[in-house]
Q: 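Next up is a structure, given as structure tokens.
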Amino acid sequence: MEQTFVMIKPDAVQRGLVGEIIARFEKKGFTMRGLKLMSVDRAFAERHYNDLSAKPFFNILVEYIISGPVVAMVWEGKNVVSTGRKIIGATNPAESAPGTIRGDFAVEIGRNIIHGSDSVESARKEIAMWFPEGIVAWESSILPWIYE
Ligand code: DAT
Ligand code: MG
């Protein structure tokens with residue numbers, strides 16, 4: 001089963017949106033395999049966003065991610081990487097559709113409240129980096145009601 005890494009950013013933690021965001025993935029039918037509140041340091045945030053290091057907004061982005069605690073999660077399910085990105089919505093909340101997390105709760109690109117892996121390969125790398133201790137092995141008992 002596919003897995004993705006999702007991070008609730010510091011603005012959403014401050015705004016009390018953690019429960020709402022988790023509920024969207026839960027109610028969809030995905031399985032939570034990892035969950036922790038943590039603060040990350042600059043070097044860690046820079047490594048997470050390594051692919052964007054040449055972008056002019058890189059430093060602002062890193063400052064944002066280290067500005068408060070974040071919630072790191074692993075979600076599992078069929079096509080969870082691409083479906084998770086759809087649940088999250090477009091990068092710029094000005095273009096995120098209503099009904100998506102960013103479309104419903106965010107206004108600006110620099111406060112877009114959530115991260116989700118963009119491919120199965122990035123998910124693998126991000127899960128290894130954010131959950132070096134491993135994720136939780138369990139099987140949801142409702143899977144036969146989600147999958148035919
Ligand atoms: P996403 O988070 O949708 O995967 P991304 O990986 O391209 O988007 O960029 C990572 C984050 O960087 C994004 O959530 C917000 C910020 N960002 C992206 N493009 C930006 C831009 N043009 N100006 C300011 N911040 C930007
Ligand atoms: Mg990205």
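In this text, all values refer to a predicted model and were calculated from it rather than measured experimentally. Heavy atoms only: backbone and side chains are in, while hydrogens, waters and symmetry mates are out. Read the numbers this way: they start at 1 and go in the same order the structure lists the ligands and their atoms.
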Q: Decide if atom CD of Glu133 counts as having more than 12 heavy atoms of other residues, nucleotides or ligands within a radius under 6.0 Å.
A: yes
Q: Out of curiosity, does Phe58 fall in the hydrophobic cluster containing Met7 (side-chain heavy atoms, cut-off under 4.5 Å, transitive links)?
A: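 Yes, one cluster joins them.
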Q: Is Leu52 touching ligand 1 with its side chain, its backbone, both, or neither, if touching means heavy atoms under 4.0 Å apart?
A: side chain
Q: Please determine whether any non-hydrogen atom of His48 lies less than 4.0 Å from an atom of ligand 1.
A: no
Q: Can you tell me if Lys9 contacts ligand 1 (heavy atom of the residue under 4.0 Å from the ligand)?
A: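 Under 4.0 Å: yes for Lys9.
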Q: Under 4.0 Å from atom 7 (O) of ligand 1, can you find at least one protein heavy atom?
A: no
Q: I need the contact type for Arg102 against ligand 1. Using non-hydrogen atoms and a strict under-4.0 Å cut-off, is it side chain, backbone, both or neither?
A: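 It is the side chain that touches ligand 1; the backbone stays farther off.
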Q: Report the part of Thr91 (side chain from C-beta onward, or backbone N, CA, C, O) that has a heavy atom under 4.0 Å from ligand 1; answer both or neither where that applies.
A: both
Q: Parallel, tilted or perpendicular: which one describes the rings of Phe25 and Phe30, with boundaries at 30° and 60°?
A: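 Rings of Phe25 and Phe30: tilted, as their planes differ by 30° to 60°.
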Q: Is ligand 1 less than 4.0 angstrom away from at least one heavy atom of Arg85?
A: yes
Q: With distance as the sole test, does Lys36 use its side chain to make a donor-acceptor pair with the main-chain N or O of Trp130 at under 3.5 Å?
A: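 Yes; at least one donor-acceptor contact below 3.5 Å.
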Q: Distance to 0.1 Å, residue and atom name: give those for the protein heavy atom nearest to atom 14 (O) of ligand 1.
A: Asn112 ND2, 2.8 Å
Q: Taking 4.0 angstrom as the limit and counting only heavy atoms of Tyr49, give me the atoms of ligand 1 inside it, by number and element.
A: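 Per the distance check, 10 (C).
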Q: Rounded to the nearest 0.5 Å, what separates atom CE in Met73 from atom NE2 in His115?
A: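 With rounding to 0.5 Å, CE (Met73) is 10.5 Å from NE2 (His115).
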Q: Within the structure, does His115 bring an N/O atom to less than 3.5 angstrom of an N/O atom in ligand 1?
A: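 So ligand 1 has no N or O lying under 3.5 Å from an N or O of His115.
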Q: Tell me whether ligand 1 is touched by Asp118 - counting only heavy atoms on the residue side and a distance under 4.0 Å.
A: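 The answer is no, since Asp118 has no heavy atom less than 4.0 Å from ligand 1.
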Q: For atom 17 (N) of ligand 1, what is the closest protein heavy atom, and at what distance to 0.1 Å?
A: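 Looking at atom 17 (N) of ligand 1, the protein heavy atom closest to it is Phe57 CE1, 3.3 Å.
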Q: Answer with yes or no whether the hydrophobic clustering places Met129 together with Val40; edges join I, L, V, M, F, W, Y residues whose side-chain heavy atoms lie under 4.5 Å apart.
A: yes
Q: Show the nearest heavy-atom pair for residues Ile114 and Ile21, with the distance to one decimal.
A: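 Distance-wise, the nearest heavy atoms are CD1-CG2, 3.7 Å.
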Q: Tell me which part of Leu61 gets within contact of ligand 1: side chain, backbone, both or neither, using heavy atoms under 4.0 Å.
A: side chain
Q: Between the side chain of Arg33 and the main-chain N/O of Ile135, is any donor-acceptor distance below 3.5 Å?
A: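 Flag not set: sc Arg33 to bb Ile135 has no pair under 3.5 Å.
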Q: Return yes if some donor-acceptor pair links the side-chain N/O of Asp104 with the main-chain N/O of Gly99 below 3.5 Å, else return no.
A: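 At least one qualifying donor-acceptor pair exists.
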